[in-house]
2 protein chains.
Amino acid sequence: MSNLNIYTKKLRESSLRPTRQRLKICEVLFSPDKTFHFTINDLTKILEEKLSEKISLATVYNTVHAFKKKGYLKEISINSDKSYFDTNVTDHHHFFDEDTNELIDCGDKEIDSINIKKNITGKKIKSVEVLIKVATDNQNQN
Amino acid sequence: MSNLNIYTKKLRESSLRPTRQRLKICEVLFSPDKTFHFTINDLTKILEEKLSEKISLATVYNTVHAFKKKGYLKEISINSDKSYFDTNVTDHHHFFDEDTNELIDCGDKEIDSINIKKNITGKKIKSVEVLIKVATDNQNQN
DNA sequence: ATTTACATTAAAATAATTCTAAACTGTTGA
DNA sequence: TCAACAGTTTAGAATTATTTTAATGTAAAT
Ligand SMILES: [Mn+2]
Ligand SMILES: [Mn+2]
Ligand SMILES: [Zn+2]
Ligand SMILES: [Zn+2]
């Protein structure tokens with residue numbers, strides 16, 4: 001199946017029509033051979049570079065959220081003013097480099113599986129994420 | 001030592017003078033026998049209820065951030081528009097109830113200790129946090 | 001008591017995100 | 001084929017959390 005068909009399928013499955021703008025977003029998100037992390041701002045900058053015509057912020061937000069809802073993108077929990085997204089939607093954890101504000105994958109094999117002994121009555125576990133914050137070892141003396 | 005002296009000490013150690021407003025914030029944060037989670041908005045509402053005089057939002061933000069920097073408060077990573085803080089500054093993990101937007105502690109004993117087999121060269125681990133998102137088991141059919 | 005440094009505050013600024021409403025385009029069925 | 005409809009794009013406005021500003025007030029040092 002051609003990339004274009006793959007993108008169209010993903011869009012249709014997300015209840016979105018395959019428009020010019022959305023196909024361009026797909027190309028940026030899903031054609032690289034490596035998965036990656038991005039903010040809406042990152043994605044918009046990449047799109048502006050690759051694209052002759054402008055693409056509106058609202059369209060980027062809408063499309064990313066639709067993909068997230070469908071499970072084609074994942075949002076990462078970080079205390080930050082902006083949201084981070086991940087094209088790697090498999091279960092995995094993250095390092096967050098506080099110096100560079102960069103997310104780094106931590107595969108399932110690099111961390112022992114999390115065993116939770118408590119449960120919340122009436123509630124089901126939707127996700128379990130480990131976030132490991134790292135920084136250069138400056139002994140941060142207040 | 002009286003509560004008042006404890007608050008004054010915490011403030012001084014955070015390089016803050018013990019003013020009327022800040023002592024009130026301390027009372028709300030540090031007098032309950034149980035630790036709790038809050039947003040700036042929560043805290044402001046509590047203060048408004050307890051207080052005759054108004055306290056400015058800027059003061060709440062400044063004081064909370066100073067306490068966080070000193071380690072008297074902890075910020076919790078959640079994908080949300082607002083920041084969550086915790087008066088429990090010991091190492092522990094969290095459940096986040098997506099229905100109610102409520103944080104629930106998950107003590108160290110309720111989760112096996114996290115063993116990380118990977119490290120980032122030149123970087124030191126600052127924190128390891130597990131966030132378990134839960135929700136009522138509605139089978140969320142897109 | 002006077003001086004100084006720090007604090008409080010209302011209001012403005014900033015920044016991420018969402019909403020609005022008008023113009024546009026893909027899709028469908030007559 | 002093509003009108004009609006439903007969904008889409010967009011610029012800009014609105015919203016919301018947070019930070020900054022700058023004028024005024026207060027704690028602490030002398
Ligand atoms: Mn923040
Ligand atoms: Mn968000
Ligand atoms: Zn990742
Ligand atoms: Zn907690």
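Proteins get letters first, then strands, A, B, ... in listed order; numbering begins at 1 in each.
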Review point. When you check the gap from the basic side-chain N to the acidic O, do B:Lys45 and B:Glu49 get nearer than 4.0 Å?
Key: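 Result for this pair is no, no salt bridge flagged.
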
When you get a sec, tell me which of [options] is the closest nucleotide to the side chain of [X]?
{"X": "B:Tyr61", "options": "C:dT17, D:dT10, D:dA17", "answer": "D:dA17"}
{"X": "B:Leu57", "options": "C:dT9, D:dT18, D:dT10", "answer": "D:dT18"}
{"X": "B:Asp81", "options": "C:dC19, D:dA17, D:dT8", "answer": "D:dA17"}
{"X": "A:Leu16", "options": "D:dT10, C:dT9, D:dT8", "answer": "D:dT8"}
{"X": "B:Ser83", "options": "D:dT18, C:dT18, C:dT8", "answer": "D:dT18"}
{"X": "A:Thr59", "options": "D:dT10, C:dA16, D:dT8", "answer": "D:dT10"}

Subject >> N or O in side chain of A:Gln21 less than 4.0 angstrom from D:dT10 OP1/OP2 >> reply: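 Yes.
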
| query | Can you tell me if the side-chain N/O atoms of B:His65 get under 4.0 Å from OP1 or OP2 in D:dT19? | reply |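 For D:dT19, OP1 or OP2 has a side-chain N or O of B:His65 closer than 4.0 Å.
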
- prompt: Is the distance between the ring centroids of A:Phe67 and A:Phe30 under 6.0 Å?
  reply: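 Yes, the ring of A:Phe67 comes within the 6.0 Å limit of the ring of A:Phe30, centre to centre.
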
Rounded distance in Å - NZ (A:Lys82) to P (D:dA17):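 Rounded to whole Å, this separation is 19 Å.
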
Might you list the N or O atoms of the protein lying below 3.5 Å from N or O atoms in nucleotides 25-29 of chain C, with each pair's distance?
unit_1	atom_1	unit_2	atom_2	d
C:dT27	OP1	A:Arg12	NH2	2.6

Q) Is there a donor-acceptor contact under 3.5 Å from the side chain of A:His93 to the main chain of A:Val130? A)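 Yes; at least one donor-acceptor contact below 3.5 Å.
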
### Message
Test of understanding: with salt bridge (charged side-chain N to carboxylate O under 4.0 Å, His left out), list the residues that count as partners of A:Glu53, not counting sequence neighbours.
### Response
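Here the qualifying residues are A:Arg20.
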
### Query
Who pairs with A:Glu98 by side chain to side chain contact (heavy atoms under 4.5 Å, CB included), at least two apart in sequence or on another chain?
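With sequence neighbours excluded, A:Glu98 shows a side chain to side chain contact (heavy atoms under 4.5 Å, CB included) to A:Phe96, A:Lys133, A:Ala135, B:Lys126, given in chain and number order.
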
